[in-house]
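Notes to accompany the following structure.
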Amino acid sequence: MEKLIVHGGAPLRGRVNISGSKNSSLPILAATLLTRDTCTIRRVPDLSDTNYMVRILGELGAEVERASGVVVVKAEKIKSVAPYDLVRKMRASICVLGPLTGRLRKCTVSLPGGCVIGDRPVDLHLKGLEALGAEIQVDGGDIRVNAPKKSFKGASLNLMGKHGSTVLGTDNVMMAAVLAKGTTVIEGAAAEPEVEDLVNFLIKMGAKIEGAGTHRVIIEGVKELHGAEHTVIPDRIEAGTFLCAGAMIGEGITIRRVIPEHLQAVTEALKKCGFVLEIGKESISIAPNPTAKGFDLTTLCYPGFPTDMQAQFCALACIINDVSTITETIFPQRFMHVAEMKRMGADIDLQGATARIRGGAKLKGAPVMASDLRASAALVLAGLVAEGRTEVNRLYHIDRGYEHLDEKLAALGAELERVRD
Ligand code: EPZ
């Protein structure tokens with residue numbers, strides 16, 4: 001096991017290139033199962049999650065080659081079973097369910113477990129596939145889908161759940177519907193940029209889809225899809241994480257190779273606190289502001305404030321000499337970082353799904369435990385500003401979703417080292 005030792009107080013300055021999006025890469029890699037032709041996906045970040053998805057494609061029978069950020073997939077013959085020992089390590093592997101259903105009409109995918117941010121149900125995924133005429137059985141921890149040609153066809157359905165739209169649920173239903181005869185209308189579709197990126201890739205493969213990036217997606221089924229090439233969009237959550245780092249300590253940083261519009265909810269929130277941002281075509285600059293004001297935020301589906309930035313903003317609130325609140329509506333239990341930040345002296349009061357942070361007091365370095373991907377990144381941010389040494393244990397959480405986070409922070413001036421536990 002590895003841990004990250006962070007020596008707080010080192011000022012950040014300079015520029016950092018943001019990597020391709022993890023949450024775009026995963027469903028797009030799964031979508032390559034929809035054709036027997038060769039697909040080339042570029043700017044796939046080097047993460048354990050994407051490496052894992054590459055492995056899953058291989059185990060399903062696809063030929064996969066990976067050279068730095070480029071993944072070439074040829075899924076000529078594929079198996080219809082994605083077993084538990086593959087799916088259990090990464091719940092996002094559920095996004096092979098849609099393409100296997102669309103391509104093979106019959107498949108078995110293990111139910112993903114929950115994770116520390118809360119129960120991770122897939123009822124909306126299954127509801128969507130059933131609306132397309134698939135018969136679904138869930139038993140023994142497996143999802144068995146049977147979508148015989150005669151019953152599998154386009155339909156109108158609504159994917160909205162009690163916590164809003166579902167990103168991977170929308171992806172799965174779209175990846176099945178693109179090969180279902182007739183028209184599918186998905187109301188309450190997720191509108192995240194990563195969903196839009198998947199639609200753009202599917203269209204390059206020959207799919208007929210309208211409404212990319214909106215809450216209403218219309219799909220005209222086609223007989224088959226062909227190979228395509230695609231470059232994944234930049235990772236807006238990695239970008240937002242670095243903006244928080246640049247706002248917390250140093251002389252200011254610039255993040256490059258980003259799509260600022262994908263980060264609007266985050267940049268608007270930072271501006272409202274009083275941070276001055278310079279927003280270019282593909283870059284954003286930010287610097288600390290000692291007179292920044294607190295924020296009151298609620299996480300929402302896109303284009304609202306992203307749940308994946310909630311933990312990082314809790315860390316940011318610790319350096320703002322004011323009271324801030326953040327309410328989590330997507331994953332109400334997603335506060336594993338709070339107890340760890342309190343070990344560093346953070347003044348955070350958790351009432352239900354709302355964290356109230358009184359910032360301003362200096363944090364003290366301490367050994368802390370990483371839990372989920374974004375909570376772990378937030379602990380690194382807290383370590384950057386804390387007095388003394390912070391040890392972030394279970395670094396594998398960070399390696400799941402951030403490409404070389406420690407190297408990128410070190411290049412900006414942070415003093416940290418990765419050590420084997
Ligand atoms: C995606 O997860 C992201 N993961 C998550 O990012 C992100 O936090 C989440 O969307 C919300 O934006 C990937 O894209 C790989 P959801 P997903 O289905 O699709 C409920 C990260 O840190 N729900 O949009 O699994 C669910 O419980 C990760 O990169 C149902 O009730 O999330 C949640 O409350 C963490 N039934 C809400 O909807 C369902 O069938 C949103 O979940 C599906 C979801």
Side-chain angles (χ1 to χ4, degrees), residues 20-21 24-44 53-54 56-57 60-65 70-80 95-107 125 128-129 131-134 145 147-149 151-157 159 167-186 189-214 216-233:
S21 161
S24 214
S25 302
L26 295 174
I28 285 176
L29 286 169
T32 62
L33 294 169
L34 284 164
T35 177
R36 58 183 65 247
D37 294 353
T38 301
C39 291
T40 303
I41 316 299
R42 293 193 172 80
R43 208 170 165 197
V44 176
M53 181 57 84
V54 163
I56 290 175
L57 297 180
L60 285 169
E63 284 165 45
V64 194
E65 276 162 43
V70 182
V71 180
V72 180
V73 185
K74 186 169 175 45
E76 196 153 5
K77 287 194 191 58
I78 53 171
K79 299 174 196 150
S80 64
C95 65
V96 301
L97 185 67
L100 289 178
T101 302
R103 171 97 182 264
L104 303 176
R105 302 262 194 289
K106 198 176 169 65
C107 66
H125 299 236
L129 295 180
L132 297 176
V145 182
K149 213 165 171 64
S151 61
F152 187 61
K153 54 184 179 300
S156 287
L157 54 107
L159 276 187
V167 169
L168 291 181
T170 303
D171 294 348
N172 263 332
V173 174
M174 290 195 304
M175 290 192 280
V178 289
L179 292 175
K181 198 165 174 318
T183 306
T184 295
V185 179
I186 305 175
E192 271 70 3
E194 296 77 25
V195 177
E196 182 177 8
D197 204 24
L198 171 64
V199 171
N200 291 336
F201 175 56
L202 291 170
I203 290 170
K204 286 180 185 174
M205 295 172 79
K208 294 190 176 4
I209 307 176
E210 285 167 30
T214 73
R216 185 167 196 265
V217 175
I218 302 170
I219 298 166
E220 205 54 54
V222 293
K223 275 184 81 49
E224 63 178 12
L225 296 178
H226 52 71
E229 308 211 351
H230 187 75
T231 300
V232 162
I233 56 171

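The figures here come from the full heavy-atom set of this structure, side chains too, leaving out hydrogens, waters and symmetry mates.
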Counting heavy atoms not belonging to K106, are there more than 12 under 6.0 Å from its NZ?
no
Within this structure, what is the NE2-CD distance for the pair H226 and E224, rounded to the nearest 0.5 Å?
9.0 Å
Under a 4.5 Å cut-off applied to non-hydrogen side-chain atoms, are I218 and R216 in contact?
yes
Do P99 and N172 have side chains that get closer than 4.5 Å, going by heavy atoms?
yes
Report yes if some heavy atom in the side chain of V222 is under 4.5 Å from a heavy atom in the side chain of L179; otherwise report no.
yes
Would you mind reporting whether D197 and H230 have side-chain heavy atoms less than 4.5 Å apart?
yes
Specify the closest pair of heavy atoms between A212 and N200, including all atoms of both residues, with the distance to one decimal.
CB-OD1, 4.4 Å
Are the side chains of C39 and M205 in touch, meaning some heavy atoms are under 4.5 Å apart?
yes
For L202 and M175, the nearest pair of non-hydrogen atoms, with its separation, is CD1-CG, 4.3 Å
For A62 and I78, the nearest pair of non-hydrogen atoms, with its separation, is N-CG2, 4.4 Å
To the nearest 0.5 Å, atom CD1 of I56 lies from atom CG of L29 at 10.0 Å
Set of side chain to side chain donor-acceptor pair (under 3.5 Å) partners for E76, sequence neighbours left out:
none
Tell me the closest heavy-atom pair linking S151 and G133, and the distance in Å.
OG-O, 3.2 Å
Work out which heavy atom in M53 is nearest to a heavy atom in C95; give both atom names and the distance.
CE-SG, 3.6 Å
Give the minimum heavy-atom separation between A191 and G213, together with the two atoms involved.
CB-O, 3.4 Å
d(L168 CG, M174 CE) to nearest 0.5 Å is 10.0 Å
Does any pair with a residue in residues 25-43 pass salt bridge (Lys or Arg N to Asp or Glu O under 4.0 Å), and if so which ones, sequence neighbours excluded?
R42-E229
Measure the spacing between CG of L225 and NZ of K204 and express it to the nearest 0.5 Å.
14.0 Å
Output for pair (E194 CD, T170 OG1), nearest 0.5 Å, gives 12.0 Å
Approximate separation, where rounding is to 0.5 Å, of K74 NZ and T38 OG1:
4.0 Å
4.5 Å side-chain heavy-atom contact, T32 and F201
yes
Taking only residues two or more places apart in sequence or in another chain, which ones pass side-chain contact (heavy atoms from CB on, under 4.5 Å) with A177?
L132, T184, I219
Quick one, L100 and S80 - any side-chain contact, counting heavy atoms below 4.5 Å?
no
